[in-house]
Q: 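Here it is, the structure, as structure tokens.
Hydrogens, waters and symmetry mates are skipped; everything else that's a heavy atom, side chains included, is used. It should be emphasised that the depicted structure is a prediction, and the values quoted were computed from it without experimental measurement.
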Protein chains: 2
Amino acid sequence: MRDRIGRGTGDTNGVRSVVELPVMKPITIKDVAERAGVSPKTVSRVINGEAHVRPEIRESVARVVAEMNYRPNAFARGLSSSRAFLVGLFFDDPASGYAATIQRGAIEQARALGQHIVIEAITFKRSDWRERLVDSLHALRLGGAILTSPICDRADLLDIFEQHDVPVVRIAPGAELDRTPQVRMDDRDAARVVTEHLLALGHRDIAFVRGNPTHSATERRWQGFADAMSAAGLTPPPERIVQGDFRFRSGFDVAEALFDRGSRPSAVFASNDEMALGVMVAAMSRQIAVPRAVSIVGFDDAEIARMAWPQLTTIRQPNHAMGAQAVDLVIQQQAAGGAGNPCRILPYELVIRGSSAPYAAT
Amino acid sequence: MRDRIGRGTGDTNGVRSVVELPVMKPITIKDVAERAGVSPKTVSRVINGEAHVRPEIRESVARVVAEMNYRPNAFARGLSSSRAFLVGLFFDDPASGYAATIQRGAIEQARALGQHIVIEAITFKRSDWRERLVDSLHALRLGGAILTSPICDRADLLDIFEQHDVPVVRIAPGAELDRTPQVRMDDRDAARVVTEHLLALGHRDIAFVRGNPTHSATERRWQGFADAMSAAGLTPPPERIVQGDFRFRSGFDVAEALFDRGSRPSAVFASNDEMALGVMVAAMSRQIAVPRAVSIVGFDDAEIARMAWPQLTTIRQPNHAMGAQAVDLVIQQQAAGGAGNPCRILPYELVIRGSSAPYAAT
DNA sequence: TCGTATGTTGACATCGATGTCGGCTTCGAT
DNA sequence: ATCGAAGCCGACATCGATGTCAACATACGA
């Protein structure tokens, strides 16, 4: 019975489970100031590129800074100026490949801007996710937050960030569209383009595997598919539209409805690569040749798209760029004070590989 | 240098919407102290679970803390106590699936310990990687660092952390083995076990695809393979040992040496799943049936191992657990004051799937 | 030439917490 | 009853930077 305080779960309340970690002894701004023969404030001015410093002094201070290899302490900075140097990257599932590429883009851009990325997982399954999030916001004083799909569509989540005055940039959001700046690609248009690719190959009987309904991209991709089909004067029957959840397994499972009942479609468009692979594996296990007997296309250009055989025709998402742009936006936001909600739309790319081929009558 | 944007005109004042949201002013320890009728120091004591506080007071303060939903500011804490609350996770390539799972484990464990994870990429290709690293160390005041393969084997990197007194825990290092605490699995043993699996299926002519020589696991896995083979009284000829680099493409490429010259091996053990998939795809494109004509096994149990067809027999690495344990160790190491270099060895698992089958004479 | 405007500088307060230390209680042993 | 020792609590300094503001120097216009 150790004494804890407050909040039933109280794990990050700074209470007791926080272990102490000693740190190193650094060079302070005072040391630099002394050696340069000026006041600390002047050094601060030079470091932050502020005006009102004579060029000679600026230069000499800069030299001393370099010589002493001085690095300002970000904590002290954050404390006194309420400026931040951390950007939070929030994921539902940080282990997915999708997330990883975004992450890399974000890290690199953050670095370029002198910021750092803190990764946080939000798990709605835990009933205390709000407390945990608020904990992070308070403790880390985030300068901004980047949210990815699907969590970025929850109004209650956005509320929390808003209440705490943390600027948010969302990547590919699907709801509450005018609430924050965002970075996205045109899913609908891309889906249309892939579908047109299949149509151009001569396919008419095309099945569509929908994604997880909680991701907003699901609807947009479906729309793009529908656009292309109806533009071609086609109306796919209901049994050609099946429901997946973006995971490999679901692609594998829906294949039963697609391949084991009556006539087979000549092509399948799965809303993401994982599901496309699931469909492909299911086809092969039924001795249905890909792409000879059935063409399969995906969406995302995940790493695995190139590791399948045949390799997957798909849409390349600009994940890396989206991560970088998101950081960029969030910092701008921080500086500008939130004028408007810019939306950057990044270009996608149709990647044609071996899994799609001209329609051949059976 | 450009002028910075002043904070003159209220940046949080009604820019966003007509209705002004009250800006949440953070609650300080003073507020709590006042309301509880004690000194800030006493509140601090309660929060940190220090001794010398009367139970009644402790309880009443705790109640106020909970009521006010107070959260200590980590920056201020870090400043005054030179305690840290950030653990750095350093990757060469944060976008790989391997890294992602470790990451998730680390994030969760860090959370549980009241710490946060900062992700940093180290790119040796950039000539200024040292400066960048030192920047991070100074700016972030890391309480600890976790390094993954392959960068964790560079002595010069370790030197930097040592110079800056940042405790390091390495995941699956292969060199400088007694320099830091580490978390690992027994690669050699695991490789032996997979090989024995193939031997038990009746295979005798087994090829081995080596991994990237800069990863130390490459050598250990090779050793395990050699152990099992020689225990079975077998000596694979040199042409059965081929060199890859852990990437899909290399697995695909080495297949030429394996399948297009003279006799074919009846089984292939690739040092990781990606390469195994490469081999598998190459086999299928040559109309060599897997596993009927050739069994293929991998190593890692990457996500893709389940997405191939047939699914890959492989070794499941405890990545998630390794991430969590690494965080655990890095923090413990501090508390303990760096006594010794503990090494935690986590259990692996042989996962038998469809890509390996009993030997069948052709 | 003087009087403003503008530019340059540093002293000092401040951010929000913790470390130190001294004073006051309490308790137990003599 | 008295004397330590230990327990409890708060005043104050401190961490390392930046914000504020006043003092002073210089430039420019009239």
Side-chain angles (χ1 to χ4, degrees), chain A residues 3 13-16 18 20-34 36-61 65 68 70-85 114 137-141 143, chain B residues 3-8 10-11 24-34 36-61 65 68 70-85 114 138-141:
Chain A
D3 21 21
N13 203 7
V15 183
R16 196 162 175 131
V18 177
E20 304 188 5
L21 301 183
V23 203
M24 57 208 167
K25 191 185 117 199
I27 307 165
T28 75
I29 202 171
K30 242 183 208 164
D31 304 327
V32 178
E34 244 163 69
V38 298
S39 79
K41 179 65 202 179
T42 298
V43 177
S44 170
R45 289 202 178 90
V46 172
I47 297 210
N48 292 291
E50 285 172 27
H52 307 305
V53 179
R54 251 172 26 221
E56 312 98 77
I57 293 204
R58 181 183 298 276
E59 200 174 322
S60 88
V61 168
V65 165
M68 300 183 72
Y70 165 75
R71 298 285 159 43
N73 176 339
F75 289 5
R77 255 180 161 171
L79 224 203
S80 68
S81 71
S82 64
R83 214 193 302 172
F85 63 101
L137 294 183
H138 273 287
L140 298 177
R141 288 278 187 99
Chain B
D3 264 74
R4 310 205 138 224
I5 299 162
R7 313 181 123 294
D11 47 11
M24 251 179 90
K25 207 179 99 187
I27 306 164
T28 75
I29 203 170
K30 244 184 207 163
D31 304 327
V32 177
E34 242 164 72
V38 296
S39 79
K41 181 63 202 179
T42 298
V43 176
S44 171
R45 287 200 179 92
V46 172
I47 295 202
N48 292 292
E50 285 172 25
H52 306 306
V53 180
R54 246 172 31 219
E56 313 97 76
I57 293 204
R58 181 182 299 274
E59 200 174 322
S60 88
V61 168
V65 165
M68 301 184 71
Y70 165 74
R71 298 287 160 45
N73 175 337
F75 287 5
R77 256 180 162 171
L79 226 205
S80 68
S81 71
S82 57
R83 237 193 293 175
F85 63 100
H138 274 288
L140 297 176
R141 290 277 193 105

Q: Set out, line by line, the N/O atom pairs under 3.5 Å between protein and nucleotides 14-17 of chain C.
A:
{"from": "C:dC15", "atom 1": "O2", "to": "A:S80", "atom 2": "N", "distance (Å)": "3.3"}
{"from": "C:dG16", "atom 1": "N2", "to": "B:A76", "atom 2": "O", "distance (Å)": "3.3"}
{"from": "C:dA17", "atom 1": "OP1", "to": "B:Y70", "atom 2": "OH", "distance (Å)": "2.7"}
{"from": "C:dA17", "atom 1": "OP1", "to": "B:N73", "atom 2": "N", "distance (Å)": "2.9"}
{"from": "C:dA17", "atom 1": "OP2", "to": "B:I29", "atom 2": "N", "distance (Å)": "2.4"}
{"from": "C:dA17", "atom 1": "O5'", "to": "B:Y70", "atom 2": "OH", "distance (Å)": "3.1"}
{"from": "C:dA17", "atom 1": "N3", "to": "B:S80", "atom 2": "OG", "distance (Å)": "3.4"}

Q: Report for the helix from C:dT1-D:dA30 to C:dT30-D:dA1: angle between first-end and last-end helix axes, five pairs each, rounded to 10 degrees.
A: 40°
Q: Tell me, please, which residues at least two apart from B:S39 pass side chain to side chain contact (heavy atoms under 4.5 Å, CB included).
A: B:K41, B:T42
Q: With sequence neighbours left out, write down each residue that passes salt bridge (Lys or Arg N to Asp or Glu O under 4.0 Å) with A:R71, or none if nothing qualifies.
A: B:D135
Q: Distance check, rounded to the nearest 0.5 Å: B:M68 atom CE versus B:T28 atom OG1?
A: 8.0 Å
Q: As an exercise, state the distance from CZ of A:R141 to CZ of A:F85, rounded to the nearest 0.5 Å.
A: 11.0 Å
Q: What string of B, S and - do you get for nucleotides 6-12 of chain C 5' to 3' if you count protein non-hydrogen atoms under 4.0 Å?
A: -SBBBB-
Q: B:L79: what forms a side chain to side chain contact (heavy atoms under 4.5 Å, CB included) with it, not counting sequence neighbours?
A: A:N73, A:A76, A:L79
Q: Quick one: B:E50 CD to C:dT18 C1', roughly how many Å, whole number?
A: 8 Å
Q: Could you tell me the separation between the CZ atom of B:R77 and the CD1 atom of B:I47, rounded to the nearest 0.5 Å?
A: 6.5 Å
Q: Between B:S81 and B:G78 (side chain of the first, backbone of the second, donor and acceptor by atom type, cut-off under 3.5 Å), is there such a pair?
A: no
Q: Who are the side chain to side chain contact (heavy atoms under 4.5 Å, CB included) partners of A:S80, not counting sequence neighbours?
A: none
Q: So, using ring-ring contact (aromatic ring centres under 6.0 Å, His included) as the criterion, who are the partners of A:Y70 when residues are at least two apart?
A: none
Q: To the nearest 0.5 Å, how far apart are CD in B:E59 and CZ in B:R54?
A: 12.5 Å
